[in-house]
Amino acid sequence: MTQNQADVAPTSQTSQSEQNVWEAQLKLGFARAFDASRLLQRSHHGPLRVQKALYPEGPDICHAIIIHPPGGIVGGDRLQIQVSCAAGSHALMTTPGAAKWYKSLGQASHQAVHLELAAGSVLEWLPQETIVFDAAQVDMLQEVRLQGDAQYLGSEILCFGRQASGERFTQGSLSQRTRIWRDQQLLWSEQGQLQAGSAAMHSLLGLRGHTVSATLLAAGRLPDAAQMQTLREAMQQLCDDQEPGAAVGSSVSKNVLVARYLGDSSEVARAWVQLVWQHLRPIMCGKAAQIPRIWQT
């Protein structure tokens with residue numbers, strides 16, 4: 001589902017406390033067994049689950065699609081996802097469509113993602129875009145803990161308001177914290193608080209008046225200088241061709257690659273994530289990137 005599709009948040013005259021709020025947890029464990037990466041641990045509470053393991057690339061890489069049956073997150077909802085990858089396993093995780101954070105009537109919505117990677121494992125965390133509706137109050141936390149030579153590649157796309165419907169993000173807030181650790185040492189820490197309608201929405205240090213942002217973080221085997229230059233040129237060419245007003249950039253700090261997009265198109269943001277992922281995956285994993293079928297439906 002894209003930002004251009006018209007979907008309407010549920011409306012109600014009742015207070016948020018009278019609506020159904022969900023406490024949902026999902027716990028997944030991947031391990032190498034019988035010459036394949038397998039989903040050996042799977043438990044859930046509430047409306048958050050994975051239906052089955054998929055192997056579109058063969059047994060070495062296990063694909064899993066996280067499903068949130070209600071289709072949207074309202075004020076007061078709390079989602080918690082825990083994923084562990086044992087030595088030698090390789091998992092790719094995504095979602096079937098855009099996540100929608102609906103208008104809050106007073107309570108914040110929370111999502112916490114905890115990812116644990118043992119030495120010799122790989123995790124690709126590639127959810128589709130997140131749409132933050134006007135007046136949503138969102139709190140998001142992501143913790144990634146790596147051991148030894150574990151490799152992580154993760155992306156995020158944030159869409160503020162629904163541009164196709166003429167909705168802007170004029171009320172509400174978004175709070176984010178992201179941390180990556182390796183062997184108990186902090187490699188990357190980023191946190192931000194965005195208040196709708198604030199100066200940060202237009203500041204050069206904030207969204208610069210744009211409505212869509214995307215970030216990709218990678219920790220592990222990273223590109224050399226020549227490969228980084230090729231990546232930067234490809235990112236810029238994509239924007240020149242599809243959205244000249246967008247801004248992109250990438251850098252490496254403390255053995256973490258950070259790539260960013262800032263623009264106004266969820267479609268271009270998705271194409272940008274795919275492009276960066278397709279450049280990085282062969283370098284990090286020795287395997288060409290194959291687009292998950294769910295992204296094309």
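In this chain, numbering begins with 1 at the start of the sequence shown. Values below: all heavy atoms of this structure, side chains included; hydrogens, waters and symmetry mates excluded.
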Original post:
Should the pair R270-E156 be classified as a salt bridge under the 4.0 Å nitrogen-to-oxygen rule?
Top reply: no
Subject >> Distance in Å, M93 CE paired with L123 CG, rounded so as to fall on 0.5 Å steps >> reply: 7.0 Å
**OP:** Can you measure from CG (L158) to CD (Q176) and round to the nearest 0.5 angstrom?
**Re:** 5.0 Å
Subject >> Distance-only donor-acceptor check, side chains W101 and Q137, under 3.5 Å >> reply: no
**OP:** Establish whether L117 and L39 are linked, either directly or via other cluster members, by ILVMFWY side-chain heavy-atom contacts under 4.5 Å.
**Re:** yes
Subject >> Partners passing salt bridge (charged side-chain N to carboxylate O under 4.0 Å, His left out) against R145 (at least two apart in sequence or in another chain) >> reply: none
**OP:** Sequence neighbours left out, what pairs pass side chain to side chain donor-acceptor pair (under 3.5 Å) with at least one residue falling in residues 86-96?
**Re:** H90-E124, T94-W295
Original post:
Taking it one step at a time, do L280 and L216 satisfy side chain to side chain contact (heavy atoms under 4.5 Å, CB included)?
Top reply: CA-CA 10 Å; L280 293 180; L216 188 144; 3.6 Å; yes
Original post:
Do I73 and H68 have side-chain heavy atoms sitting under 4.5 Å apart?
Top reply: yes
**OP:** Only counting residues at least two apart or in another chain, list the ones meeting ring pair (Phe, Tyr, Trp, His ring centres under 6.0 Å) with W125.
**Re:** none
**OP:** Determine, step by step, whether R182 and Y152 satisfy the side chain to side chain contact (heavy atoms under 4.5 Å, CB included) criterion, reporting the C-alpha distance in whole Å, the side-chain angles of both residues, the deciding distance to 0.1 Å, and the verdict.
**Re:** CA-CA 11 Å; R182 187 180 296 279; Y152 169 76; over 6 Å; no
Subject >> Residue list, side-chain hydrogen bond (donor to acceptor under 3.5 Å, both in side chains) with E57, at least two apart or on another chain >> reply: H63, R281
Original post:
Do you reckon L40 sits in the same ILVMFWY cluster as V83, going by side-chain contacts under 4.5 Å, direct or chained?
Top reply: no
Original post:
Considering residues at least two apart in sequence or located in another chain, which fulfil the salt bridge (charged side-chain N to carboxylate O under 4.0 Å, His left out) criterion with R177?
Top reply: D139
Original post:
What distance do L275 atom CG and L238 atom CG have between them, rounded to the nearest 0.5 Å?
Top reply: 5.5 Å
Subject >> Under the side-chain hydrogen bond (donor to acceptor under 3.5 Å, both in side chains) test, residues paired with R168 that sit two or more places apart >> reply: none
**OP:** Spell out, as yes or no, whether a donor-acceptor pair under 3.5 Å connects the side chain of Q227 to the backbone of D224.
**Re:** yes
Subject >> Path from I66 to V138 over hydrophobic side-chain contacts below 4.5 Å >> reply: yes
Original post:
Should the ring pair Y261 and W272 be called parallel, tilted or perpendicular, given that the plane angle runs from 0 to 90° and is split at 30 and 60?
Top reply: tilted
**OP:** Can you run down the side chain to side chain donor-acceptor pair (under 3.5 Å) pairs that involve residues 25-37, sequence neighbours left out, and say none if there aren't any?
**Re:** R32-D60
**OP:** For R42, check salt bridge (charged side-chain N to carboxylate O under 4.0 Å, His left out) against everything at least two apart and list the hits.
**Re:** none
Subject >> Results of side-chain hydrogen bond (donor to acceptor under 3.5 Å, both in side chains) for Q229 - residues two or more places apart only >> reply: E233
**OP:** With sequence neighbours left out, write down each residue that passes side-chain hydrogen bond (donor to acceptor under 3.5 Å, both in side chains) with Q111, or none if nothing qualifies.
**Re:** none
**OP:** List in chain and number order the residues that pass ring pair (Phe, Tyr, Trp, His ring centres under 6.0 Å) with F30, two or more places apart in sequence or in another chain; answer none if no residue qualifies.
**Re:** none
Original post:
With a 3.5 Å cut-off and no angle check, do the side chains of D264 and T211 form a donor-acceptor pair?
Top reply: yes
Which pairs would a plain distance check flag for residues 245-258, meaning a side-chain donor or acceptor within less than 3.5 Å of a matching protein atom at least two apart in sequence or in another chain?
| unit_1 | atom_1 | unit_2 | atom_2 | d |
| --- | --- | --- | --- | --- |
| S250 | OG | R232 | NE | 3.4 |

Original post:
Is any side-chain heavy atom of D183 less than 4.5 Å from a side-chain heavy atom of L146?
Top reply: no
Subject >> Distance-only side-chain donor-acceptor flag, T215 / R260, under 3.5 Å >> reply: yes
**OP:** Check whether more than 12 heavy atoms from other residues, nucleotides or ligands sit under 6.0 Å from atom CD of Q51, and answer yes or no.
**Re:** no
